[in-house]
A.B. asks: 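The structure is given below, and queries will be raised subsequently.
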Amino acid sequence: MSVLPDLVSLRLLVGVAELGSVGRAARTMGMSQPSASKRLAALERQVRLPLLTRTPRGSVLTDDGQVVVTWALRLLTVADEFDNSLTAMRHARAARLRVAASMTVAEALLPRWLHRLAQREPDVQVGLTVVNSTEVARMLVTDDSVDIGFIEGPNVPDGLDHMIVGHDHLVVVVAPQHDWARRRRPLRPAELAATRLVVREQGSGTRETLELALRDLDPAPPHLSLGSNAAVKGAAMTGTAPAVLSRHAVETELATGHLVTVPVDNLPLRRDLRAVWPRGRRLTGSATALLQAIDTSPTTPPARPTTITRDRKPPGRS
C-alpha cells in the first residue's frame with residue numbers, strides 16, 4: 001500500500017514552483033535551505049519520480065513535477081478546509097458548556113460563579129441541568145451529556161475526578177410555632193434521630209449526608225421525602241415536621257423569620273461541595289474557566305446572570 005507524501009513537503013514543492021527557488025520557498029516556511037533540500041529529495045524518493053531540475057539559477061519543475069504540483073494544490077486546498085473546519089468546531093465546542101448541578105449548588109452558588117464566568121468568557125453559552133447528586137454522577141459517567149458537574153454528597157462517586165469548591169452545613173429548621181423553636185438547649189443527636197423529619201429524596205446529597213450522620217442511632221423513617229428544597233421548606237413552614245436542609249437553601253427564610261434553626265450538639269453535618277468530571281478526562285476551555293471563576297468568585301450577588309439555556313429537568317432533582 002502506497003503512503004501519501006506529507007503535507008509540509010507538498011507545500012514546499014508548491015512554494016518552489018511559485019518562487020522558483022528552494023531557498024526562497026524554505027524561508028517562507030521557516031526552515032533552512034539544507035533542510036528543505038533534504039525534504040524535497042526524500043519526497044522524490046517516496047513518489048519515485050524526478051520532480052525538480054536544479055540549475056545555477058534556481059530549481060525548475062520537471063514535467064512530472066508540474067503534474068504533481070497540480071495535484072498537490074487540490075489536496076492542500078482540501079486539507080486547509082479540513083483544518084479550518086476542525087478549528088471552527090473546537091471554537092464552537094469551547095463556547096458551549098454543559099453543566100449539571102445538585103439543587104443546593106444550582107440555587108445558591110452557581111449564579112455567582114456563572115456571572116464571574118460571563119465576565120471572563122462573554123461568548124460562553126451555558127446549558128444547566130438541575131438534578132440530584134446521584135443523577136449528576138450518572139450523567140457524567142454514562143451519558144457523556146455533561147462537561148462538568150457539581151455535587152454535595154459526602155463521598156465522591158466511582159468513576160469521577162473531583163475538586164472541592166466550597167463547604168456547607170446542614171441545619172435543622174422548624175416553623176416559629178413549633179415546640180423546638182422555643183428550646184433552651186440544643187437537640188441531642190438521639191432526639192433528632194428519633195424524630196420523623198421532612199427530608200430530601202433518595203439520591204440527594206443532603207439526604208445522604210444526614211443519613212450518614214445518623215446511621216449509628218437507628219433513625220426513624222422520614223415523615224415526608226420530597227424532591228426539592230422548596231417543597232421541604234414549604235412543609236417545614238406549615239409546621240408539618242422539622243426539616244434538615246443546607247443553610248444555603250434556607251438563608252432567606254431564616255432572615256424573614258419564616259423558619260428557625262434548632263442547634264444540635266455533636267452531630268457532623270458539615271460537608272464538602274465538589275466539582276466533578278469523568279476520571280481521566282482533562283478539563284479544558286470553558287470548564288477550566290468556570291473552575292477558575294469559582295476560585296475568585298465575588299461574595300456579592302451578581303449584577304446580571306450569564307446566558308443560560310435551561311434543559312428539561314428529569315424527575316428526582318436535588
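Quick caveat, the model's predicted, so the values are computed rather than measured.
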A.B. asks: For the backbone of Q33 and the side chain of S37, can you confirm whether one donor and one acceptor N or O come within less than 3.5 Å of each other?
C.D. replies: yes
A.B. asks: For R183 and P186, work out which heavy atoms get closest and say how close.
C.D. replies: NH2-O, 3.4 Å
A.B. asks: In this structure, are over 12 heavy atoms from other groups packed under 6.0 Å from D143 atom CG?
C.D. replies: yes
A.B. asks: Does any N or O in the side chain of K233 come within less than 3.5 Å of the main-chain N or O of L245, such that one atom is a donor and the other an acceptor?
C.D. replies: no
A.B. asks: Indicate whether the side chain of N132 and that of R200 have a donor and an acceptor atom separated by less than 3.5 Å.
C.D. replies: no
A.B. asks: Hey, are R98 and D147 close enough for a salt bridge, meaning a charged N less than 4.0 Å from a carboxylate O?
C.D. replies: yes
A.B. asks: Are side-chain heavy atoms of L214 and L267 found at a separation under 4.5 Å?
C.D. replies: yes
A.B. asks: Under a 4.5 Å cut-off applied to non-hydrogen side-chain atoms, are S225 and Q202 in contact?
C.D. replies: no
A.B. asks: On a heavy-atom basis, which atom in A101 and which in A106 lie closest, and how many Å separate them?
C.D. replies: CB-CB, 4.1 Å
A.B. asks: Has S9 got a side-chain atom pairing as donor or acceptor with L43's backbone, closer than 3.5 angstrom?
C.D. replies: no
A.B. asks: Kindly indicate whether the side chain of W113, heavy atoms from C-beta on, has any atom under 4.5 Å from the side chain of V105.
C.D. replies: yes
A.B. asks: Could you tell me whether the side chain of T134 and the main chain of G203 form a donor-acceptor pair under 3.5 Å?
C.D. replies: yes
A.B. asks: Is the backbone of L170 close enough, under 3.5 Å, to the side chain of R247 for a donor and an acceptor to pair up by distance?
C.D. replies: no
A.B. asks: Judged by atom type as modelled, is there a donor-acceptor pair below 3.5 Å linking the side chain of T142 to the main-chain atoms of M139?
C.D. replies: no
A.B. asks: Under 3.5 Å, is there a donor-acceptor pair between the side chain of R274 and the main chain of G153?
C.D. replies: yes
A.B. asks: Of all heavy-atom pairs between V146 and R281, which one has the smallest distance, and what is that distance?
C.D. replies: O-NH1, 3.4 Å
A.B. asks: Between D80 and R11, is the closest basic N to carboxylate O distance under 4.0 Å?
C.D. replies: yes
A.B. asks: Hey, does the side chain of S35 reach the backbone of M31 with a donor-acceptor pair shorter than 3.5 angstrom?
C.D. replies: no
A.B. asks: For A230, what residues pass the side-chain contact (heavy atoms from CB on, under 4.5 Å) criterion, not counting sequence neighbours?
C.D. replies: S228
A.B. asks: Within the structure provided, determine whether E208 and N155 are in side-chain contact (heavy-atom separation under 4.5 Å).
C.D. replies: yes
A.B. asks: Would R54 and E44 count as a salt bridge (charged side-chain N to carboxylate O under 4.0 Å, His left out) if you check the C-alpha gap in whole Å, the side-chain angles of each, and the deciding distance to 0.1 Å?
C.D. replies: CA-CA 13 Å; R54 283 82 173 172; E44 289 179 308; 3.3 Å; yes
A.B. asks: Quick one: do the T206 and R271 side chains pair a donor with an acceptor below 3.5 Å?
C.D. replies: yes
A.B. asks: Decide yes or no for V69 and V67: does some side-chain heavy atom of the first lie under 4.5 Å from some side-chain heavy atom of the second?
C.D. replies: no
A.B. asks: Under a 4.5 Å cut-off applied to non-hydrogen side-chain atoms, are L269 and V171 in contact?
C.D. replies: no
A.B. asks: May I ask you to test the T53-S59 pair for a side-chain heavy-atom distance under 4.5 Å?
C.D. replies: no
A.B. asks: Any side-chain heavy atom of V172 within less than 4.5 Å of one from W180?
C.D. replies: yes
A.B. asks: Hey, is E211 close enough to R207 for a salt bridge, meaning N to O under 4.0 Å?
C.D. replies: yes
A.B. asks: Could you check whether any side-chain N or O of T104 sits under 3.5 Å from a backbone N or O of S246, counting only pairs where one atom can act as donor and the other as acceptor?
C.D. replies: no
A.B. asks: Can you see whether S102 engages E152 through a side-chain donor-acceptor pair at a distance of less than 3.5 angstrom?
C.D. replies: yes
A.B. asks: Could you check whether D6 pairs with R39 (Lys NZ or Arg NE/NH1/NH2 to Asp/Glu carboxylate O, under 4.0 Å)?
C.D. replies: yes
